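Comments concern the structure below.
Numbers restart at 1 for each chain; the letters A, B, ... are given by sequence-line order, proteins then strands. Quick caveat: nothing in here was measured; it's all calculated off a predicted structure.
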2 protein chains.
Amino acid sequence: MSVKRKTKSVNLILSIFENSSEALSVVDLVEQLKNDMNKTTVYRVLERLENEGAIHSFTGSNGLTWYAKCRECDAHHHNDIHPHFQCEKCGKVECLEINIPIPSIENRIIESADVLLKGQCSDCMK
Amino acid sequence: MSVKRKTKSVNLILSIFENSSEALSVVDLVEQLKNDMNKTTVYRVLERLENEGAIHSFTGSNGLTWYAKCRECDAHHHNDIHPHFQCEKCGKVECLEINIPIPSIENRIIESADVLLKGQCSDCMK
DNA sequence: TTATTTTCGCAACTAAGTTGCAATAATATA
DNA sequence: TATATTATTGCAACTTAGTTGCGAAAATAA
């Protein structure tokens, strides 16, 4: 269920996340790694790294899956409500290290929340 | 760009939303309407109804597209930040008529936000 | 009633993500 | 170190959401 073996694929994907403060879409990762490994391997390594708690996944504005490594990824669970930001101009996605308080809702148990803020990043608003 | 003609397909889809307080996934709509119209028509009618402002769309927890009619749909724009709730047990999705305040973020312009709360609905928490 | 223009159905397509299985590579054991 | 064990990978084929082009049909305008 988690990462048992440190293979080339695992190390390569981990190093990409270590060197990037931004989130990465699976589509981009598959493209970027197409000479290094099969796309099935990309999907499976990402799944294992998420189960291990090394990275976390979320859905971007167009329904695509994104992964990122953030400080909170060292924690045991990913139920924390930290928002993501996607720039509508350049497409970049990043984790925001802020906390958005979610009110309790009558007659419902809130277990987690996906919050995606959309707008323009600092580069694109110049 | 919007709904110019009141066809059978348009009326049928609109009546489904009038009679449902819940959001509906496109996949479910295509299945439900498969004897009435082609799936391409479902996609195109939904798109037109959204452009007209009759319904609004958002992304569910698995990346699928959902549509719903809510009170705010009568308004002119859909930039309002109203959250959606998805029950992780039965899969039902609904609009929440509450306002989640989004803080302003340094160096970024926030134009809109997708907020999906996940948990258990009143039926499933019994 | 006819002409115009939007909408629909169909079939074929695209792209993200999944699955089964045999081959390979990493680790454990002797 | 050599061998056995088990996780991981590559490949090809598949599934499913969503899209596109085009001719036919339906809605509205003239």
Side-chain angles (χ1 to χ4, degrees), chain A residues 1-17 23-68 84 86 91-93 114 116, chain B residues 1-17 23-68 84 86 91-93 114 116:
Chain A
M1 300 297 134
S2 66
V3 178
K4 306 241 166 109
R5 295 184 181 181
K6 283 294 178 70
T7 64
K8 281 181 199 165
S9 304
V10 169
N11 289 330
L12 181 49
I13 289 184
L14 263 182
S15 73
I16 290 174
F17 282 103
L24 301 162
S25 76
V26 181
V27 172
D28 286 344
L29 279 168
V30 167
E31 169 66 22
Q32 180 181 345
L33 293 165
K34 68 180 173 190
N35 294 322
D36 300 295
M37 71 192 77
N38 191 271
K39 76 167 176 174
T40 309
T41 304
V42 177
Y43 278 95
R44 291 198 272 223
V45 169
L46 290 171
E47 186 184 24
R48 275 181 279 145
L49 289 175
E50 182 170 35
N51 288 338
E52 193 194 28
I55 56 179
H56 67 280
S57 71
F58 57 95
T59 301
S61 65
N62 40 10
L64 295 193
T65 303
W66 291 72
Y67 282 88
H84 295 98
Q86 182 157 23
K92 274 185 190 167
V93 178
D114 297 338
L116 182 68
Chain B
M1 299 298 131
S2 68
V3 178
K4 304 242 167 108
R5 294 184 181 183
K6 282 296 177 71
T7 64
K8 282 182 200 164
S9 303
V10 168
N11 289 329
L12 181 50
I13 289 184
L14 263 181
S15 73
I16 290 175
F17 282 102
L24 302 162
S25 76
V26 182
V27 171
D28 287 345
L29 279 167
V30 167
E31 170 65 23
Q32 180 181 345
L33 293 166
K34 69 181 173 191
N35 294 322
D36 300 295
M37 71 192 76
N38 190 272
K39 76 167 176 175
T40 309
T41 304
V42 178
Y43 278 95
R44 291 198 272 222
V45 169
L46 291 170
E47 185 184 25
R48 274 181 280 143
L49 288 175
E50 181 170 35
N51 287 337
E52 192 193 29
I55 56 179
H56 67 280
S57 70
F58 57 96
T59 302
S61 66
N62 40 9
L64 295 193
T65 303
W66 291 72
Y67 282 88
H84 296 98
Q86 182 156 25
K92 273 185 191 168
V93 178
D114 296 338
L116 181 69

| If you measure from CG on A:L46 to CG on A:N51, what distance do you get to the nearest 0.5 Å? | 11.0 Å
| query | Mind checking which nucleotides bracket the chain B contacts on DNA chain C, 5' to 3', with an atom under 4.0 Å from a heavy atom? | reply | C:dT5 to C:dA11
| task | Enter the distance from B:I55:CD1 to B:R48:CZ here, rounded to the nearest 0.5 Å. | result | 11.0 Å
Name the atoms and distances for all side-chain donor-acceptor pairs under 3.5 Å in residues 26-38 of chain A, with sequence neighbours left out.
residue: A:D28; atom: OD2; partner: A:S25; partner atom: OG; Å: 3.3
residue: A:E31; atom: OE2; partner: A:K34; partner atom: NZ; Å: 2.9
residue: A:N38; atom: OD1; partner: A:T40; partner atom: N; Å: 2.9
residue: A:N38; atom: OD1; partner: A:T40; partner atom: OG1; Å: 2.9

| message | Looking at every heavy atom in both A:E47 and A:Y67, which two are closest together, and how far apart are they? | response | N-OH, 4.2 Å
| message | Using C1' atoms of five pairs at each end, report the bend of the helix from C:dT1-D:dA30 to C:dA30-D:dT1 rounded to 10 degrees. | response | 30°
| message | Which heavy atom of B:F17 sits nearest to which heavy atom of B:L24, and what is that distance? | response | CE2-CD1, 3.7 Å
| field | Length of the line joining B:Y67:OH and D:dA17:P, which is rounded to integer Å | value | 15 Å
| request: Looking only at non-hydrogen atoms, find the nearest pair between B:F58 and B:A23 and report the distance. | output: CZ-CB, 3.7 Å
| note | To the nearest angstrom, the NZ-P distance between B:K34 and D:dT16 comes to 13 Å
| task | Taking all non-hydrogen atoms of both residues into account, name the closest pair between B:V10 and B:R5 and its distance. | result | CG2-O, 3.9 Å
| task | Look up atom OG1 in B:T59 and atom CG in A:N62, then write down how far apart they are to the nearest 0.5 Å. | result | 8.0 Å
| said: What is the separation between atom CG on B:L46 and atom C1' on D:dA17, rounded to the nearest whole Å? | reply: 13 Å
| How would nucleotides 18-30 of chain D be written as a contact map, 5' to 3', with B for base contact, S for sugar-phosphate-only contact and - for no contact, using protein heavy atoms under 4.0 Å? | BBBB----BBS--
| message | Checking A:S61 now: which residues fulfil side-chain hydrogen bond (donor to acceptor under 3.5 Å, both in side chains) with it, not counting sequence neighbours? | response | A:Q86
| task | For A:E52 and D:dA7, give me the distance from atom CD to atom P, rounded to whole Å. | result | 15 Å
| request: Kindly write out the residues that satisfy salt bridge (Lys or Arg N to Asp or Glu O under 4.0 Å) with B:K92, not counting sequence neighbours, or none if the list is empty. | output: B:E22, B:D123
